[in-house]
Amino acid sequence: MPKVAILAGEPSGDLIASQLMSDLNKRYKNIEYVGVGGPLMTKGGLKSFFDYSQLSLRGYFEVIKNLPKLLKLRSSVIKFLIIQKPDIFIGIDAPDFNFAIERRLKANKI
């Protein structure tokens, strides 16, 4: 069974990812989805590590105020995904969050 790690950090990403998941499900059978997302992705079969609303921050002050929490979440997601060993990782929006995850996963042959 193919395993897809997918991460979206806000409602628009949840919508885009859910549409992608729907299209993938039409083309391929028995895909397992792990990662982080919202209600649309969860409805589409995502086993979300945490709710994406924790990433939906606006403005520099809010990001700086929550930086330790965001860094801890990112580290936890990386560890989770390395253990899950997905076949592919798809990061949607949240580039500051996703790019670091992508680099670490690639270094771990994902």
For residues 68-76, run the donor-acceptor check on the side chains, cut-off 3.5 Å, and write out each pair with its distance to 0.1 Å, sequence neighbours left out.
| residue | atom | partner | partner atom | Å |
| --- | --- | --- | --- | --- |
| R74 | NH1 | D96 | O | 3.1 |
| S76 | OG | K72 | O | 3.0 |

### Task
Please name the pair of heavy atoms, one in G9 and one in A94, separated by the smallest distance, quoted to 0.1 Å.
CA-CB, 4.4 Å
### Summary
Taken in chain and number order and not counting sequence neighbours, the residues that satisfy side chain to side chain donor-acceptor pair (under 3.5 Å) with D23 are R27
### Query
side chain to side chain donor-acceptor pair (under 3.5 Å) with S12: which residues, sequence neighbours excluded?
E10
### Under 3.5 Å: donor-acceptor pair, side chain of S18, backbone of D14
yes
### Message
Connecting only ILVMFWY residues whose side-chain heavy atoms lie within less than 4.5 Å of each other, what is the rest of M1's hydrophobic cluster?
### Response
none
### Query
How would you list all residue pairs meeting ring-ring contact (aromatic ring centres under 6.0 Å, His included) that involve residues 76-110, not counting sequence neighbours?
F49-F80
### Query
Taking only residues two or more places apart in sequence or in another chain, which ones pass side chain to side chain donor-acceptor pair (under 3.5 Å) with D87?
none
### Message
Checking Q84 now: which residues fulfil side chain to side chain donor-acceptor pair (under 3.5 Å) with it, not counting sequence neighbours?
### Response
K3
### Query
Do you know the tightest heavy-atom contact between I101 and L7?
CD1-CD1, 3.8 Å
### Query
Rounded to the nearest 0.5 Å, how far does CG of D93 lie from CG of N98?
7.0 Å
#### Entry: Heavy-atom check, side chain of I110 versus side chain of L81, under 4.5 Å
no
### Side-chain cluster (under 4.5 Å, hydrophobic types only) that I16 belongs to, other residues
V4, I6, L20, M21, L24, Y28, I31, Y33, M41, L46, I88, I90, I92
## Note on the structure
Residue set satisfying salt bridge (Lys or Arg N to Asp or Glu O under 4.0 Å) with K47, at least two apart, ordered chain then number -> E32
